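Down below is the structure, laid out as structure tokens.
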Amino acid sequence: MIQRSCFRLVQSFRVDSAYTKFGAYYSYTSQAASPLQQVCEPSSYSDEECAAMDWDNLGFGLKPTDYMYSMKCYDDQIFKQGQLSRYGKIELSPSAGILNYGQGIFEGLKAYRKKDGQLVLFRPDQNAIRMKVGAERMCMPYPSTEQFIDVVKLITLANKHWVPPPGKGSLYIRPLLIGSGPVLGLAPASEYTFLAFASPVGNYFKEGSAPLNLYVEDEFHRATPGGAGGVKSISNYAPALKALGRAKNRGFSDVLYLDSVKKKYVEEVSSCNIFIVKEKVISTPATNGSILPGVTRKSIIEIARDYGYRVEERSIPLDELLAAEEVFCTGTAVVVAPVGSVTYQDRRIGFKTGDRSVCSELYSTLVGIQTGLIQDNKGWTVEIHD
């Protein structure tokens, strides 16, 4: 039954979808309109459509679903039609490029269940484009934007019972692109595998929706100029574990990194981008090659400008952040998270949070669009039909 449904799914995509020459998803064109138009639709959704589990206590941990997807690319540099399979282990050569030289990138995006039961994705074309940029940096072939979106829709539909009920979380989808071919000398792999799996998730931080407490790291650095900090390379994340573990052992939520050259400018948090607010100005570090261009970051910038805020993308000295009125983080996993405090060299600075904060306003609008509570006039959400 899954195979028949998925075949119809892919077939309908190829007929109904159109793409620009740049690979962007053309069927969903942004429109200039207020994001606050509410949707009023009768709900026909039943909780029986979801798997039986405790949806109120999801957290952000791996809960394996039923199916994963994989397809391969060889010397011709073209990804062929792949296949769904039961979620499980994969086989790799000990000399695979991903194991020996870390040749791999990944993405993260979410599927949501609206009140009427409709499943939707949020801006999957942006993740596809970011994977392309990352693959080029890591000397890897990559699936087309159409293939990427088709696979994400396919994996969501195959695991649709694991998409949480409305308001209970989302289905986190993890596409992976790895050098799976054997290689001994330092060189690109001869074979590549594109994988996708999914897991239902709730809040990323253990604090839930409570404000975060960040620690400014001044010993370790996340990225350097000319490195790969601006792409979602697998090799970017393990080096952050030491600083992150040290901060969590001291009771902090996450680590805020500084630039590696002058050690005075804010870059990003381990798992998300950062913003500061002062009066009607919202500022965030510019994506200059060492900072990941987040899809949520990009969306929040646009929403903030719709509300009349001036948004600046520039270098932000740590002293300016510590003098801000508000600080908040953005990311696919964290969504939009308020920062209650930042600690630097034993100096703790608190920030405004709560229902009347800028962060709360932006969060409500973004989540409203993602979950269908607010009319999507920007063309950001993509429906998935069985």
Side-chain angles (χ1 to χ4, degrees), residues 24-25 27-40 107-112 114-115 120-130 166-167 169-170 203-205 209 211-212 266 268-269 271-287 291-314 316 321 324-339 351-383:
Y25 206 72
S27 297
Y28 306 96
T29 307
S30 296
Q31 302 172 21
S34 168
L36 295 179
Q37 184 178 350
Q38 298 291 327
V39 176
C40 298
E107 276 298 325
L109 64 162
K110 290 177 176 178
Y112 302 86
K114 295 167 63 176
K115 284 189 174 181
V120 295
L121 299 168
F122 184 72
R123 307 192 77 175
D125 59 307
Q126 297 300 305
N127 296 93
I129 292 168
R130 190 170 64 179
S170 57
N203 288 317
Y204 181 79
F205 291 106
S209 58
L212 307 178
V266 174
E268 62 178 300
V269 180
S271 57
C272 44
N273 298 116
I274 195 158
F275 288 75
I276 68 171
V277 182
K278 194 155 190 180
E279 298 177 349
K280 289 287 288 185
V281 180
I282 299 175
S283 304
T284 188
T287 53
I291 296 174
L292 188 71
V295 177
T296 308
R297 173 189 181 275
K298 182 176 182 178
S299 305
I300 285 296
I301 288 173
E302 187 168 335
I303 291 171
R305 286 174 174 155
D306 287 345
Y307 277 120
Y309 293 99
R310 187 168 91 240
V311 181
E312 299 176 344
E313 299 179 71
R314 57 179 175 81
I316 300 176
L321 179 141
E325 296 167 1
E326 286 185 48
V327 178
F328 62 89
C329 298
T330 66
T332 298
V334 308
V335 192
V336 182
V339 174
F351 304 99
K352 175 185 176 181
T353 60
D355 292 340
R356 295 189 176 183
S357 65
V358 174
C359 173
S360 178
E361 179 183 33
L362 298 176
Y363 169 86
S364 296
T365 302
L366 177 69
V367 172
I369 294 172
Q370 290 173 330
T371 59
L373 296 177
I374 294 176
Q375 181 69 46
D376 175 20
N377 292 315
K378 294 179 175 295
W380 286 349
T381 55
V382 178
E383 293 186 348

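These numbers were taken from a predicted model, which means no experiment stands behind them. What's counted below: heavy atoms across the whole structure, side chains too, no hydrogens, waters or symmetry copies.
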How long is the straight-line distance from [atom2] of [Y] back to [atom1] of [X], given to the nearest 0.5 Å?
X	Y	atom1	atom2	value
Leu109	Leu121	CG	CG	6.0 Å
Ile282	Ile300	CD1	CD1	8.5 Å
Arg123	Thr296	CZ	OG1	9.5 Å
Thr371	Lys110	OG1	NZ	11.5 Å
Ile316	Thr284	CD1	OG1	5.5 Å
Ile291	Glu313	CD1	CD	10.0 Å

Under a 3.5 Å distance rule, please check whether [X] uses its side chain to pair with a backbone N or O of [Y] as donor and acceptor.
X	Y	value
Glu326	Ser357	no
Arg305	Val311	yes
Asp355	Ser360	no
Ser364	Glu361	no
Asp376	Gln370	no

State, yes or no, whether a side-chain contact exists between Leu366 and Leu362 at a heavy-atom distance under 4.5 Å.
-> no
Mind checking whether Phe205 and Val334 have side chains closer than 4.5 Å, heavy atoms only?
-> yes
Result of checking Cys272, Cys359, Ser299 against Val336 for side chain to side chain contact (heavy atoms under 4.5 Å, CB included) =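 The passing option is Cys359.
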Carboxylate-amine/guanidinium contact Glu312 Lys278, below 4.0 Å = no
Ignoring hydrogens and angles, state whether a donor on the side chain of Tyr112 or Thr381 is under 3.5 Å from an acceptor on the partner side chain.
->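 Checked: Tyr112/Thr381 side chains show no N/O donor-acceptor pair below 3.5 Å.
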Counting only heavy atoms not in [X] (residues, nucleotides, ligands), do more than 12 fall under 6.0 Å from its [atom1]?
X	atom1	result
Arg356	CZ	no
Arg310	CZ	no
Phe351	CZ	yes

Tell me, with the steps shown, if Leu321 and Ile274 meet side chain to side chain contact (heavy atoms under 4.5 Å, CB included).
-> CA-CA 10 Å; Leu321 179 141; Ile274 195 158; 4.0 Å; yes
Do you know the tightest heavy-atom contact between Asn273 and Arg297?
->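 Taking Asn273 first and Arg297 second, the nearest heavy atoms are OD1-CB, 3.4 Å.
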Heavy atoms only: give me the nearest Pro293-Thr287 pair and the separation to one decimal.
-> CA-CG2, 3.8 Å
Which is it for Leu292 and Arg130 under the side chain to side chain contact (heavy atoms under 4.5 Å, CB included) test, yes or no, and what are the steps along the way?
-> CA-CA 10 Å; Leu292 188 71; Arg130 190 170 64 179; 3.7 Å; yes
Would you call the rings of Phe275 and Phe328 parallel, tilted or perpendicular if under 30° counts as parallel and over 60° as perpendicular?
->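 Judged by the thresholds at 30° and 60°, the geometry between Phe275 and Phe328 is parallel.
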